[in-house]
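Since the structure comes first, as structure tokens, the remarks are kept for the end.
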Amino acid sequence: MTIKAIIFDVDGTLADTENGHRKTFNKAFAECGLDWNWDVPLYDKLLKVTGGKERIKYFVSDFLTDFDKPDHFGDFVKHLHKVKTKHYTSMLSEGHIPLRPGIKQLIEETHAAGITLAISTTTTPQNVSALLEVALGKDWEKYFAANGCGDIVPHKKPAPDIYFWVLEKLGLSGADCIALEDSENGLRSSLAAGIKTYVTINHYTRGHDFTGAARVFDDLSDLKSFYKAAGLALPKG
Ligand code: XBP
Ligand code: MG
């Protein structure tokens, strides 16, 4: 199979972001007068649900017993998430979360080789641009033919919706592409869209079930072994 496109997940894959998300959720809770504190073990459980707004609702429904839901609970959650995103994008813009090993080189080398690149993530577009503006420069969008993120699809990962959205945008089939993911939810999403998927693990996803992954890597610091596994004749020259 000739790989026509590589589709990248963001959180946990392009960068190890989840502790940044976790800390800024906590900042938002404090700013909004809530005594909620998501520590690492609790956040590990909450990551079962993708999407920050959905995760807050999951926390309230499954982990809080005596929380008196305010009227217009949906708006309450949206506001909390807006405050969190403000803190998170500031954290990214200050350069606190770098790309993971090998990612910048992979993006540059595959783009230079004429392979189409795309993004498929559950996080918000603001978060994607804040991360990649710092990491790849103000013109980061030049690397990506499609940027599938956030609420543009009705069902978030592990549903395949966001990958189908990206494939349609690219005018490609799942068989033309490979995906890079970090989590069980992400892998289930890309596999359901018929995309051969490689996984790089991190602290939160080390114990996940990666059945169906083409290969699981700790990270992409040894890019040559990733290229070999994926059948990519790179770097060129
Ligand atoms: C990971 C997610 C996101 C982040 C939080 O996305 O599930 O919800 O945890 O970001 P992916 P938001 O791995 O698909 O990149 O608060 O913006 O949702
Ligand atoms: Mg991820």
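Note that these values count all heavy atoms, side chains included, but never hydrogens, waters or copies made by symmetry. Just follow the structure's listing: the first ligand is 1, and inside any ligand the first atom is 1.
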Counting only heavy atoms closer than 4.0 Å, does ligand 1 sit against the backbone of K53, its side chain, both, or neither? neither
Which of parallel (below 30°), tilted (30 to 60°) and perpendicular (above 60°) describes H208 and F210? tilted
With heavy atoms under 4.0 Å as the rule, classify the contact between N127 and ligand 1 as side chain, backbone, both or neither. side chain
Which of the ligand 1 atoms, numbered from 1, are nearer than 4.0 Å to a heavy atom of V10: 15 (O)
With no hydrogens and no angle check, do the side chains of K84 and H21 hold a donor and an acceptor under 3.5 Å apart? yes
Output yes when K27 and E31 qualify as a salt bridge under the 4.0 Å nitrogen-oxygen rule, no when they do not. no
Applying a strict 4.0 Å limit to heavy atoms, is Y43 in contact with ligand 1? yes
Where's the contact between F8 and ligand 1, heavy-atom distance under 4.0 Å: side chain, backbone, both or neither? neither
Output yes when K53 and D151 qualify as a salt bridge under the 4.0 Å nitrogen-oxygen rule, no when they do not. yes
Are any of the heavy atoms in H81 under 4.0 Å away from ligand 1? yes
Check the side chains of D209 and T211 for a donor-acceptor pair under 3.5 angstrom, ignoring hydrogens and angles. yes
Can you find a heavy atom in the side chain of Y227 that is under 4.5 Å from one in the side chain of T110? yes
With only distance considered, is G51 within less than 3.5 Å of ligand 1 through an N or O on each side? yes
Non-hydrogen atoms of Y88 versus ligand 1: any pair closer than 4.0 Å? no
Name the one of T50, T121, D9 that satisfies side chain to side chain donor-acceptor pair (under 3.5 Å) with K157? D9
Compare V49, D11, I162, D151 and give the one whose heavy atom is closest to atom 3 (C) of ligand 1. D11
Geometry only, no angles: is G52 polar-contacting ligand 1 at N/O separations under 3.5 Å? yes
Return the closest protein heavy atom for atom 17 (O) of ligand 1 as residue, atom name and distance. T123 OG1, 2.6 Å
Could you say whether the N/O atoms of K84 and ligand 1 ever approach to under 3.5 Å? yes
For atom 15 (O) of ligand 1, what's the nearest protein heavy atom and its distance? T121 OG1, 2.5 Å
Measuring centre to centre across the rings, with the benzene-like ring taken for any Trp, is Y88 within less than 6.0 Å of F25? no
Taking the six-membered ring for Trp, is the centroid-to-centroid distance between F67 and W36 below 6.0 Å? yes
Using a strict cut-off of 2.8 Å, how many protein N/O/S atoms surround the Mg ion (ligand 2)? 3
Where the closest heavy atom to atom 9 (O) of ligand 1 is concerned, which of K157, E181, R55, K48 has it? R55
Nearest neighbour in protein (non-hydrogen) for atom 11 (P) of ligand 1: D9 OD1, 2.9 Å
Residues that D35 engages under side-chain hydrogen bond (donor to acceptor under 3.5 Å, both in side chains), provided they are two or more places apart: none
Do D11 and T17 meet the criterion of a side-chain donor-acceptor pair at a distance under 3.5 Å? yes
Point-to-point distance, once rounded to the nearest 0.5 Å, from CG of D219 to OG1 of T200: 7.5 Å
With under 30° as parallel and over 60° as perpendicular, where do the rings of F217 and Y198 fit, or are they tilted in between? tilted
